[in-house]
Colleague: 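Here it is: the structure, laid out below.
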Amino acid sequence: MNSVKQFFVLAAIVTAVFVNTATVEAANPFEIKGIYVDVTADNVTEARRQALREGQNKAFEALLKRLTLKADRDFLPWVEPANQAQYIRDFSISGEKTSAVRYLATLSYHFKEEAIRDLLKARGLSFAETISKPVLVLALYDDNGRLSLWDEPNPWSGAWSSLSFQNGLVPVVLPLGDLADISGLSAQQAADMDEAALQTMAQRYDVNTVVVARLVVASRNGNGEPTDVDLITTRLGAKGQDRNTSLGITRGAEESKDAFLKRIASSVSDGLEESWKRDNVLQFGVDGILPVNLLIDGLNEWIDVKKRLSNVAVVRRVELALLSRDTVQINLHFIGDLDQLIGSLRQVDLDLTVSGESWSLINLRQGRPQ
């Protein structure tokens, strides 16, 4: 094998690893990761104590914001830092560094599900727990008709790369911009919402939804930097295309170009989160029971499906009615309406189909004919 061929084989392997890593979905809505703390005090013991308190408070706030709607932010419950421990199951520390007076670390927290639910319900707050499948965002920059998706300069793409999507309910995947991306989707195809090309991208990144965020420069300053832009966001998913347009977004007088574009990217990301949460708010006053049949290839498949069902927020209980070598009959006890149940199940690769009055649960990871 010559050196050029070896390079492309290695590149394909590395790309596959990164693609698979990028699309790993968050498993636990009550886990907050990556809380960075950096505290200086009179001594390292005091710095560590202050850092852990600060990290706990940040994680607690991040969790409440993750689960609730933006409109309810002013009504989120305040819990004294000294009383927050009752809501925490455990926490972990990584990247710990110390000096005589300084403490740095990255913290992750697991919270107690029922305790947090009770806290939010006591305040009468609506909340969602279902984690969406990842969404692929394509940052398309339109500068006086010059479209940039993979080419540089594309400061709009850079703004997206600067965001953190770690603790949301909608994991966002950004494309690698490698040879496969460049050859598979052009900037013009993205602008035209070429469904075949976008579906190819969706398959490559193992997502169900692709968002093309097109930023159109309307005016610029003497340095050539954008000062007014228009934003066209088009989402392609299971329900077809959905387009939103925001005109005349203006840069603040003291706002840098990078901060301006990052603010707009954050607003798009926040919009994806809000839309998802509104569709998946838990409806505790509405419940139902649905008998379903599940075809399996053996006990291991049933164990895997049962584990995934336990991660579906609207499924409150799984009642086993019959278990045989190739069939399972269960009663799904759920809250909310049937559409919400179907949508939530699809996030863990399970689907519901109906024939007459009989419902079947399909394991989409198994590739069994439907």
Colleague: For the pair R316 and D287, find out whether any cationic side-chain nitrogen is under 4.0 Å from an anionic carboxylate oxygen.
Modeller: no
Colleague: Are the side chain of E273 and the backbone N or O of V170 linked by a donor-acceptor pair below 3.5 Å?
Modeller: yes
Colleague: Salt bridge between E225 and R251, side-chain N to carboxylate O under 4.0 Å?
Modeller: yes
Colleague: Hey, what do you get for CG (L125) to CG (L119), rounding to the nearest 0.5 Å?
Modeller: 8.5 Å
Colleague: Tell me if a side-chain donor or acceptor on S269 pairs with a main-chain N or O of S266 at a distance below 3.5 Å.
Modeller: no
Colleague: Out of curiosity, N244 CG to R235 CZ, how far, rounded to the nearest 0.5 Å?
Modeller: 7.5 Å
Colleague: Would the distance check show the side chain of R66 and the main-chain N or O of P29 forming a donor-acceptor pair, the cut-off being under 3.5 Å?
Modeller: yes
Colleague: Without placing hydrogens or testing angles, list every side-chain donor-acceptor pair under 3.5 Å for residues 156-164, not counting sequence neighbours.
Modeller:
{"unit_1": "W156", "atom_1": "NE1", "unit_2": "A213", "atom_2": "O", "d": "2.8"}
{"unit_1": "S161", "atom_1": "OG", "unit_2": "S157", "atom_2": "O", "d": "3.2"}
{"unit_1": "S162", "atom_1": "OG", "unit_2": "A159", "atom_2": "O", "d": "2.7"}

Colleague: So K97 and R102, side chain to side chain contact (heavy atoms under 4.5 Å, CB included) or not? Walk me through it.
Modeller: CA-CA 8 Å; K97 297 179 181 179; R102 189 178 179 191; over 6 Å; no
Colleague: Any side-chain heavy atom of D206 sitting closer than 4.5 Å to one from V173?
Modeller: no
Colleague: So does E46 pair up with R49, basic N to acidic O under 4.0 Å?
Modeller: yes
Colleague: Can you check side chain to side chain contact (heavy atoms under 4.5 Å, CB included) on V216 and V229, steps first, answer last?
Modeller: CA-CA 5 Å; V216 183; V229 299; over 6 Å; no
Colleague: Just by distance, with hydrogens left out, do Q188 and D192 show a side-chain donor and acceptor under 3.5 Å apart?
Modeller: yes
Colleague: I need the D194 CG to L236 CG distance, nearest 0.5 Å.
Modeller: 10.0 Å
Colleague: Are R204 and D181 ion-paired here, with the side-chain N under 4.0 Å from a carboxylate O?
Modeller: yes
Colleague: Please check: side-chain N/O of D72 versus main-chain N/O of T68, any donor-acceptor pairing under 3.5 Å?
Modeller: no
Colleague: Do F127 and F284 have ring centroids that are under 6.0 Å from one another?
Modeller: yes
Colleague: Got a second to check how far Q199's CD is from N208's CG, nearest 0.5 Å?
Modeller: 9.0 Å
Colleague: Should E61 and K65 count as an ion pair when the cut-off is N to O under 4.0 Å?
Modeller: yes
Colleague: Test your reading of the model: is there a side-chain donor-acceptor pair from D142 to the backbone of G145, 3.5 Å cut-off?
Modeller: yes
Colleague: If hydrophobic clusters are built by linking Ile, Leu, Val, Met, Phe, Trp and Tyr wherever their side-chain heavy atoms come under 4.5 Å apart, do V44 and Y36 end up in the same one?
Modeller: no
Colleague: Is it the case that one hydrophobic cluster holds both V312 and I342, taking links as side-chain heavy atoms less than 4.5 Å apart, direct or via other members?
Modeller: yes
Colleague: Answer with yes or no whether the side chains of T250 and D228 bring together a donor and an acceptor at under 3.5 Å.
Modeller: yes
Colleague: More than 12 foreign heavy atoms under 6.0 Å from NZ of K121: is that the case here?
Modeller: yes
Colleague: Indicate yes or no for a side-chain donor-acceptor contact from N154 to the backbone of S148 under 3.5 Å, with no hydrogens or angles considered.
Modeller: yes
Colleague: Are the side chains of L215 and D230 in contact, using a 4.5 Å heavy-atom criterion?
Modeller: no
Colleague: Within 45° of the six-membered ring axis of F30 and under 6.0 Å from that ring's centre, is NZ or CZ of K112 located there?
Modeller: no
Colleague: Do the side chains of L176 and L136 join up, straight or via other hydrophobic residues, at under 4.5 Å, putting them in one cluster?
Modeller: yes
Colleague: Please examine the side chains of Q283 and V314, heavy atoms only from C-beta on, and report whether any two atoms are closer than 4.5 Å.
Modeller: no
Colleague: Are side-chain heavy atoms of L352 and L341 found at a separation under 4.5 Å?
Modeller: yes
Colleague: Are Y109 and L63 close enough, and set up right, to give a side chain to side chain contact (heavy atoms under 4.5 Å, CB included), and what steps lead you there?
Modeller: CA-CA 10 Å; Y109 290 82; L63 176 70; over 6 Å; no
Colleague: Any sub-3.5 Å donor-acceptor pair from N167's side-chain atoms to K33's backbone N or O?
Modeller: yes
Colleague: I'd like to check I362 versus L350 (side-chain heavy atoms, cut-off strictly below 4.5 Å). Are they in contact?
Modeller: no
Colleague: Side-chain donor-acceptor pair under 3.5 Å between E96 and Y103, yes or no?
Modeller: yes
Colleague: Between Q340 and V281, is there a donor-acceptor pair closer than 3.5 Å when you use the side chain of the first and the backbone of the second?
Modeller: yes
Colleague: Treat each ILVMFWY residue as a node, draw an edge where side-chain heavy atoms are under 4.5 Å apart, and state whether M193 and I232 are in one component.
Modeller: no
Colleague: Would you mind reporting whether I35 and T106 have side-chain heavy atoms less than 4.5 Å apart?
Modeller: no
Colleague: For N83, is the CG atom crowded, meaning more than 12 foreign heavy atoms sit under 6.0 Å from it?
Modeller: yes
Colleague: Between R308 and D304, is there a salt bridge with N-O shorter than 4.0 Å?
Modeller: yes
Colleague: How long is the span from the CG atom in N43 to the CZ atom in R48, to the nearest 0.5 Å?
Modeller: 12.5 Å
Colleague: Report the C-alpha distance between L361 and T353 in whole Å, list the side-chain angles of each, state the deciding distance to 0.1 Å, and finish with yes or no for side chain to side chain contact (heavy atoms under 4.5 Å, CB included).
Modeller: CA-CA 7 Å; L361 186 65; T353 62; over 6 Å; no
Colleague: Which heavy atom of F334 sits nearest to which heavy atom of I289, and what is that distance?
Modeller: CE2-N, 3.9 Å
Colleague: If you look at every heavy atom in Y205 and L174, which pair is closest and at what distance?
Modeller: CE2-O, 4.3 Å
Colleague: Quick check: does any side chain N or O of S310 sit under 3.5 Å from a backbone N or O of K307, one acting as donor and the other as acceptor?
Modeller: yes
Colleague: Say you draw a straight line from CE of M201 to CG of L185; how long is it, rounded to the nearest 0.5 Å?
Modeller: 5.5 Å
Colleague: One thing to verify: whether R89 and E113 come together as a salt bridge, which I'm taking to mean a side-chain N less than 4.0 angstrom from a carboxylate O.
Modeller: yes
Colleague: With side chains defined as the heavy atoms from C-beta onward, is the minimum distance between N28 and I131 less than 4.5 Å?
Modeller: no
Colleague: Restricting to ring pair (Phe, Tyr, Trp, His ring centres under 6.0 Å), what partner residues turn up for Y87, sequence neighbours left out?
Modeller: F60
Colleague: Please check if the number of heavy atoms outside R325 that lie under 6.0 Å from its CZ is greater than 12.
Modeller: no
Colleague: Is R317 reaching over with its side chain to a backbone N or O of H333, donor-acceptor style, under 3.5 angstrom?
Modeller: no
Colleague: Under 4.5 Å between any side-chain heavy atoms of F91 and S108, yes or no?
Modeller: no
